[in-house]
Amino acid sequence: MGALSHLKVIDLSRVLAAPWASQMLADFGAQVIKIEHPDGGDDTRGWGPPYLTDSDGNPTTESAYFMSANRGKQSVCIDIATEAGQSHVRQLVSSADVFLENFKVGGLAKYGLDYESLAALNPQLIYCSVTGFGQTGPERHRPGYDALIQAMGGLMSITGAADVDGGEPQKVGVALTDIMTGLYATIGILTALTEREQSGLGQHIDLALLDVTAATLANQATNYLVGGMVPERIGNAHPSIVPYQVFAAADGHLMLAVGNDHQFRRLCDVLDLPALASDARFATNTDRVAHREDLVAMLAARFSERERDSWLTACAAANVPAGPINRIDEVFEHPQLQARGMRVNIPHPLNPDLQLPGNPIHMSRTPPQPSKPPPMLGEHTAAVLDTLQIDRTSG
């Protein structure tokens with residue numbers, strides 16, 4: 001039995017950020033009832049290819065994108081634009097612990113499914129709203145999209161090669177703002193549930209993609225707020241550590257992550273460049289940052305002389321942090337990730353060999369148990385509504 005098996009979650013969200021949060025809760029055993037429109041359901045069901053193939057290799061209509069954020073849930077088709085649909089959702093919420101939604105600000109009020117309406121029905125309800133810009137502020141009514149928020153939130157301004165290198169601002173290769181917002185939503189929900197044990201009351205959680213992006217700028221944000229430095233794009237290099245970037249070997253690229261002066265001296269031994277370790281320009285990390293261009297040029301020239309794996313073997317033997325830049329197929333074939341359960345088989349009704357990424361949280365007594373596949377549209381409508389004795393004949 002999962003650590004959160006006592007919780008019931010009503011998930012009226014779609015796409016990625018909020019569904020990521022409800023999937024996390026489902027992994028730990030919460031009952032997550034995903035409310036979907038009967039006509040097509042979650043937008044991401046149509047975001048393909050690729051789509052799951054059945055056990056005979058034939059394509060299905062189950063998209064890989066949808067499966068990334070919806071395992072462990074029950075799909076219930078309800079049209080909330082109808083009075084019957086609104087009544088069904090309220091009946092479900094009356095016994096729920098958590099309600100998740102990502103409609104535009106105020107969008108659920110006309111259905112009687114806003115926080116004030118549902119809190120009056122269930123004062124213990126934790127109601128989590130995920131929007132692009134939040135419930136307050138001058139831009140609260142704007143829709144939010146991950147790429148847009150990566151741009152507006154500063155993330156793209158520090159991602160990509162510098163202008164002088166012919167670069168331009170780049171978004172991250174996955175919808176990271178959505179993912180981080182989903183994780184913050186999970187933290188907020190669990191915090192509110194813990195506080196409810198003391199007060200007996202639920203509350204409204206207001207999460208904005210823009211807020212999360214600003215918060216997760218981390219050291220880049222404090223470089224500005226504390227140091228007055230506006231970070232710029234510097235490609236794969238680190239703004240405060242040198243050498244900490246990608247280098248090209250004779251046959252491919254590697255990532256070098258030298259984090260302190262001891263590691264730098266060992267790197268100089270690996271590269272057979274002992275003079276660099278005693279050079280006053282490079283003695284400390286502060287010195288190396290100040291003379292970044294000179295040092296990087298010398299290291300780049302040396303790395304280009306040998307094959308990548310040769311350098312990686314030598315770095316590993318000298319305890320110098322370095323690694324390959326793996327493709328995603330290489331990632332999930334990596335023996336370390338396989339040993340950690342990061343590739344899991346979750347049998348699906350259409351294909352018993354469905355493979356999905358595992359949950360990275362490892363707990364000694366109550367680990368996550370991602371054992372139920374992403375649901376097909378409306379797969380659990382009858383079972384959920386009948387179990388709760390909801391009259392489905394009314395609409």
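Reckoned from all heavy atoms, side chains included, excluding hydrogens, waters and symmetry mates.
For the pair Met152/Arg142, a side-chain contact is recorded, criterion being any heavy-atom separation below 4.5 Å from C-beta on. The side-chain heavy atoms of Ile10 and Ile35, taken from C-beta on, include a pair separated by under 4.5 Å. The side-chain heavy atoms of Leu118 and Leu113, taken from C-beta on, include a pair separated by under 4.5 Å. Residues Pro370 and Leu356 are not in side-chain contact: their nearest non-hydrogen atoms beyond the backbone lie 4.5 Å or more apart. For the pair Leu193 and Leu190, the minimum side-chain heavy-atom distance is below 4.5 Å. A heavy-atom distance below 4.5 Å is found between the side chains of Asp163 and Arg233. By the 4.5 Å heavy-atom criterion applied to side chains, Asp97 and Val9 are not counted as neighbours. Proximity of Pro375 to His380: side-chain heavy atoms (C-beta onward) are separated by under 4.5 Å at one or more points.
A distance of 12.0 Å separates NZ in Lys104 from CG in Asn102, rounded to the nearest 0.5 Å. With values rounded to the nearest 0.5 angstrom, Leu16 atom CG is found 9.0 Å from Gln23 atom CD. Leu256 CG to Phe264 CZ: the interatomic distance, rounded to the nearest 0.5 Å, is 10.0 Å. Note that the SG atom of Cys315 and the CZ atom of Arg266 stand 10.5 Å from one another [nearest 0.5 Å]. Taken to the nearest 0.5 Å, the OG1 atom of Thr53 stands 8.0 Å off from the CG atom of Asn58.
The only option from Asp279, Asp294, Asp261 that meets the side-chain hydrogen bond (donor to acceptor under 3.5 Å, both in side chains) definition with Arg288 turns out to be Asp261. Val289 pairs in a side chain to side chain contact (heavy atoms under 4.5 Å, CB included) with only one of the listed residues (Thr284, Val242, Ile241), which is Val242.
Shortest non-hydrogen contact noted between Ala147 and Met156 is O-SD, 4.0 Å. The minimum heavy-atom distance between Phe28 and Pro367, with the atom names listed, is CE2-C, 4.0 Å. What you find for Leu377 and Pro38 is that their closest heavy atoms are CD2-O, 3.9 Å. Nearest heavy atom pair, residue Asp206 against residue Gly134, reads OD1-CA, 3.6 Å. Residue Lys34 comes nearest to Pro19 through the heavy atom pair NZ-CG, 4.3 Å, listed as atom of the first residue, atom of the second, then distance. Considering all non-hydrogen atoms of both residues, Asn223 and Ser240 come closest at ND2-OG, 4.2 Å.
Taking the side-chain contact (heavy atoms from CB on, under 4.5 Å) definition, one finds that Val15 meets it with Asp43, Thr44, Trp47, sequence neighbours left out. Scanning for side chain to side chain donor-acceptor pair (under 3.5 Å) contacts around Asn122 gives an empty result, with sequence neighbours left out.
Residues Thr136 and Arg140 bring no donor and acceptor atom of their side chains to less than 3.5 Å of each other. Between the side chains of Asp54 and Asn351, no donor-acceptor pair of N or O atoms lies under 3.5 Å. The closest side-chain donor-acceptor pair between Gln31 and Gln74 falls under 3.5 angstrom. For the 3.5 Å distance criterion, the side chains of Glu83 and Ser87 fail to qualify, holding no donor opposite an acceptor. Thr181 and Asp178 share no side-chain donor-acceptor pair at under 3.5 Å. There is a side-chain donor-acceptor pair under 3.5 Å between Ser199 and Glu195. In the model, Gln150 has a side-chain atom that pairs as donor or acceptor with a side-chain atom of Asp146 under 3.5 Å. For the residue pair Lys8/Ser95, the side-chain donor-acceptor check at 3.5 Å is satisfied.
Within a 6.0 Å sphere centred on OH of Tyr145, heavy atoms belonging to other residues, nucleotides or ligands number 12 at most. For CG of Leu225, the number of neighbouring non-hydrogen atoms (other residues, nucleotides, ligands) closer than 6.0 Å is greater than 12. Applying the 6.0 Å contact sphere to CZ of Arg306 captures more than 12 heavy atoms from other residues, nucleotides or ligands.
With hydrophobic clusters built from ILVMFWY side chains whose heavy atoms lie under 4.5 angstrom apart, Val172 shares a cluster with Ile179. Linking Ile, Leu, Val, Met, Phe, Trp and Tyr whenever their side-chain heavy atoms come within less than 4.5 Å puts Ile361 and Val32 in one cluster. Under the 4.5 Å side-chain heavy-atom criterion for Ile, Leu, Val, Met, Phe, Trp and Tyr, Trp311 and Leu295 are members of the same hydrophobic cluster. In the hydrophobic cluster analysis, where Ile, Leu, Val, Met, Phe, Trp and Tyr join through side-chain heavy atoms closer than 4.5 angstrom, Leu207 is grouped apart from Phe103. Both Val174 and Leu183 are part of a single hydrophobic cluster, where members link through side-chain heavy atoms under 4.5 Å apart.
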- Decide side chain to side chain contact (heavy atoms under 4.5 Å, CB included) for Met255 and Tyr244; before the verdict, give the C-alpha distance in whole Å, the side-chain angles of both, and the deciding distance to 0.1 Å. CA-CA 8 Å; Met255 182 69 198; Tyr244 199 108; 4.0 Å; yes

- Item | Arg71/Ile346 under side chain to side chain contact (heavy atoms under 4.5 Å, CB included): CA gap, chis, key distance, verdict | CA-CA 9 Å; Arg71 66 175 173 233; Ile346 303 179; 3.9 Å; yes

- Mind running side-chain hydrogen bond (donor to acceptor under 3.5 Å, both in side chains) on Thr222 and Asn219 for me, showing each step along the way? CA-CA 5 Å; Thr222 54; Asn219 60 295; over 6 Å; no

- Task: Walk me through it: do Lys73 and Asp11 pass the test side chain to side chain contact (heavy atoms under 4.5 Å, CB included)?
- Result: CA-CA 9 Å; Lys73 305 178 187 180; Asp11 183 6; 3.4 Å; yes

- Message: Please determine whether side-chain hydrogen bond (donor to acceptor under 3.5 Å, both in side chains) holds for the pair Ser75 and Glu36, giving the CA-CA distance in whole Å, both sets of side-chain angles, and the decisive distance to 0.1 Å.
- Response: CA-CA 7 Å; Ser75 174; Glu36 299 190 75; 2.6 Å; yes

- Task: Please report the C-alpha distance between Leu108 and Ile80 in whole Å, then the side-chain angles of each, then the deciding distance to 0.1 Å, and finally whether the side chain to side chain contact (heavy atoms under 4.5 Å, CB included) criterion is met.
- Result: CA-CA 9 Å; Leu108 287 178; Ile80 65 170; 3.9 Å; yes

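Taking the centre and axis of the six-membered ring of Phe66, the NZ or CZ atom of Arg45 falls inside the cone set by 45° and 6.0 Å.
No side-chain donor-acceptor contact under 3.5 Å links Arg308 to the backbone of Asp251. Under the 3.5 Å distance criterion, the side-chain polar atoms of Asp165 are left unmatched by any main-chain donor or acceptor of Gly167. In this structure, Glu101 contributes its side chain and Ser13 its backbone to no donor-acceptor pair below 3.5 Å. Side-chain atoms of Glu62 do not come within 3.5 Å of backbone N or O of Met67 as any donor-acceptor pair.
Residue pairs satisfying the ring pair (Phe, Tyr, Trp, His ring centres under 6.0 Å) criterion with at least one member in residues 194-231, sequence neighbours excluded, are listed as follows: Tyr115-His204, Tyr127-His204.
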